[in-house]
Amino acid sequence: MAGGGAHSMFIDFLRRLARNRLAVAGGAVVLFFFILSAVPQVFSGHDPNRIDVLKVLQPPSAGHPLGTDELGRDVLARMAYGARISLKVGFVAVGIATCIGLLVGLFSGFYGGLADAVLMRFVDIMLCFPTFFLILAVIAFLEPSIYIIMIVIGVTGWMGVSRLVRAETLSLKERDFVAAARAQGAGDARIIFRHILPNTLAPVLVAATLGVAGAILTESALSFLGIGVQPPTPSWGNILTAGKDNIEFAWWLSVYPGLAILLTVLGYNLLGEGIRDAVDPRLRGR
Amino acid sequence: MTGGSGILLSLENIYKLFPVKASFFSREMLRVHAVDGVSLDVPAGKTVGLVGESGCGKTTLGRVALRLISPDSGTIRFDGRDITSLAGEEMRRTRRMMQIIFQDPYSSLNPRMRVRDIVGEGWLVHGMANRREIREMALRLLLRVGLSEDAADKYPHEFSGGQRQRIGIARAIALSPKLVVADEPVSALDVSVQAQILNLLMDIQQEYGMAYLFVSHDLRVIRHVSDVVAVMYLGKMMEVSPAAELFCSPLHPYTRSLLSAVPMIGGTPREKIVLRGEIPSPIAPPPGCRFHTRCFMAKEVCEEVCPAFRESAPGRFTACHFV
């Protein structure tokens with residue numbers, strides 16, 4: 001049977017993951033927000049940017065299940081479309097961080113020596129900066145846009161992955177199958193990308209899942225401070241900002257986006273930890 | 001040693017030291033004398049058994065022979081050509097002629113590759129076949145080493161240790177090499193599986209006509225497969241003799257003590273030579289003859305003068321002052 005091996009390995013992985021109830025709950029939350037961002041129309045028939053001055057700051061009702069904001073826009077609709085932004089930022093930022101981290105880690109671990117020393121000191125330096133203020137500083141110079149946010153979060157978040165991949169590479173390159181590939185006549189590029197990289201992916205997947213939670217949180221915080229996603233584009237963070245001005249008489253403007261952020265971050269963290277335990281018990285507590 | 005025309009691999013005066021830190025806080029570097037001035041010839045189509053205790057440098061020497069580790073000094077000649085400092089494309093092409101089988105059947109196969117890709121990697125790397133041909137060639141090869149056809153699409157974790165070793169053998173012979181370094185190929189296996197794998201290795205040698213540099217610490221295995229036996233101790237070559245002669249009349253005191261330790265069923269009980277003490281540290285090997293600290297024949301001269309490696313009987317080479 002073709003592909004029997006990968007198939008059974010994946011089934012095993014799913015089975016172990018399914019046994020972890022917290023991970024399943026986390027996965028369900030993540031899945032729910034995925035669906036929300038994929039088909040927001042299903043959840044709210046309202047246009048997220050349609051201003052209705054007659055319905056300003058209305059509490060949750062049948063017509064507007066999560067109420068309306070200070071411009072009369074439907075909060076559910078804005079949150080559904082905002083989910084799209086938040087998840088997009090989370091995934092792209094982590095994608096960028098993971099790619100940089102993988103390349104730096106593989107290169108550093110495989111070649112060692114001076115290149116390794118220089119790269120790892122650079123990682124130390126990057127880790128010394130309080131990331132959030134670094135992002136604030138960069139965005140102060142650039143025009144804030146969703147793409148800049150993605151890139152900046154990605155470029156400041158790769159250090160953990162690079163250390164993880166470097167450590168894995170250091171042990172993998174001493175394994176006999178790498179010596180065998182070398183004896184077969186494989187070059188460095190083939191050894192790195194065909195033999196070492198696939199064997200580092202399990203911990204990287206875990207780190208990436210946890211990273212998505214962090215990136216979403218960072219984006220929300222930036223948008224909350226007004227330097228992230230710019231209105232009128234909805235994002236959970238900037239809905240919260242509007243909420244804080246009206247918190248005394250419109251609690252729904254703050255509570256629902258806050259809850260969405262909380263649940264998403266919690267969901268990704270639980271899922272990430274579940275994947276970690278299911279992929280490889282050795283990684284627990286790392 | 002004499003370098004006749006039938007010599008496939010010739011190692012001349014190979015040195016390899018590994019630097020290690022003296023301690024975590026110290027900057028002082030110590031050197032492990034893994035291989036310390038060793039010469040060895042492997043004739044084409046024959047099996048040279050390389051035997052010694054763990055840590056004596058036999059694995060290092062095997063890897064040096066394939067240039068998987070570069071020697072600090074010395075010359076590696078393969079098929080009459082100096083390959084000690086070959087690089088790039090030339091080295092890659094030479095690698096087709098020399099392969100390796102590993103001790104650990106778990107670490108030697110990439111867990112994320114299908115068996116057909118593991119076995120066919122050499123063909124792919126050297127552009128010898130396209131993917132469809134590789135699949136067919138891999139199937140034939142897997143059948144040859146005693147695996148079933150459906151093995152090709154599986155991953156290594158679905159196989160037992162012995163089966164994995166067969167996959168490793170298939171990979172090693174895929175490129176029809178002239179030399180295979182077998183680095184303790186059966187040490188990790190059950191005794192019953194050991195015999196199967198040894199017979200497979202010997203059948204394949206007959207079929208393909210390659211030479212083996214067969215590294216092992218197990219004298220019974222060495223005796224079973226070897227034409228010539230080389231005995232190493234603490235990075236030095238102690239004795240190189242044709243297998244039949246070495247096993248019936250060992251010359252070097254170390255070889256004699258090794259052979260006396262092999263358990264035998266039947267036959268006349270031999271006198272056991274029990275060595276005193278432990279094997280010295282390869283970081284600070286003893287001066288003079290490496291073996292003098294444990295040798296039952298040691299005299300004063302052994303502590304000071306390192307015995308030359310010389311022909312002490314026709315076709316037999318030893319490094320001892322008294323042989």
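Every chain is numbered from 1 and lettered A, B, ... according to where its sequence line falls, protein lines coming before strand lines.
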Flag if over 12 foreign heavy atoms under 6.0 Å of [atom1], [X]:
{"X": "A:Lys173", "atom1": "NZ", "result": "yes"}
{"X": "A:Phe107", "atom1": "CZ", "result": "no"}
{"X": "B:Tyr208", "atom1": "OH", "result": "yes"}
{"X": "A:Tyr147", "atom1": "OH", "result": "no"}
{"X": "B:Lys46", "atom1": "NZ", "result": "no"}

Point to revise | Derivation of the salt bridge (Lys or Arg N to Asp or Glu O under 4.0 Å) call for A:Arg194 and B:Asp117 | key: CA-CA 11 Å; A:Arg194 191 85 174 88; B:Asp117 295 326; 3.7 Å; yes
With a 4.5 angstrom heavy-atom cut-off, which part of [X] approaches chain A: side chain, backbone, both or neither?
{"X": "B:Leu68", "result": "side chain"}
{"X": "B:Arg93", "result": "neither"}
{"X": "B:Met91", "result": "neither"}
{"X": "B:Ile101", "result": "neither"}

Gap between atom [atom2] of [Y] and atom [atom1] of [X] - 0.5 Å precision:
{"X": "A:Gln184", "Y": "B:Trp123", "atom1": "CD", "atom2": "CH2", "answer": "9.5 Å"}
{"X": "B:Leu109", "Y": "A:Asp176", "atom1": "CG", "atom2": "CG", "answer": "9.5 Å"}
{"X": "B:Arg112", "Y": "A:Leu197", "atom1": "CZ", "atom2": "CG", "answer": "10.5 Å"}

Check your understanding: Pick from B:Asn110, B:Asp183, B:Val125: which one has the most heavy-atom pairs with chain A under 4.5 Å?
Key -> B:Asn110
Study note, to complete from the structure: Among B:Arg63, B:Arg96, B:Met113, the residue with the most heavy-atom pairs under 4.5 Å to chain A is B:Met113
**Study point:** Region of A:Arg182 in contact with chain B, defined by heavy-atom distances below 4.5 Å
**Key:** both
Revision key, fill the gap. Smallest heavy-atom separation, A:Ala183 atom then B:Arg95 atom, equals O-CB, 3.4 Å
Exercise for review: With the side chain counted from C-beta on, respond yes when B:Pro111 and A:Phe177 share a heavy-atom pair under 4.5 Å apart, and no when they do not.
Suggested key: yes
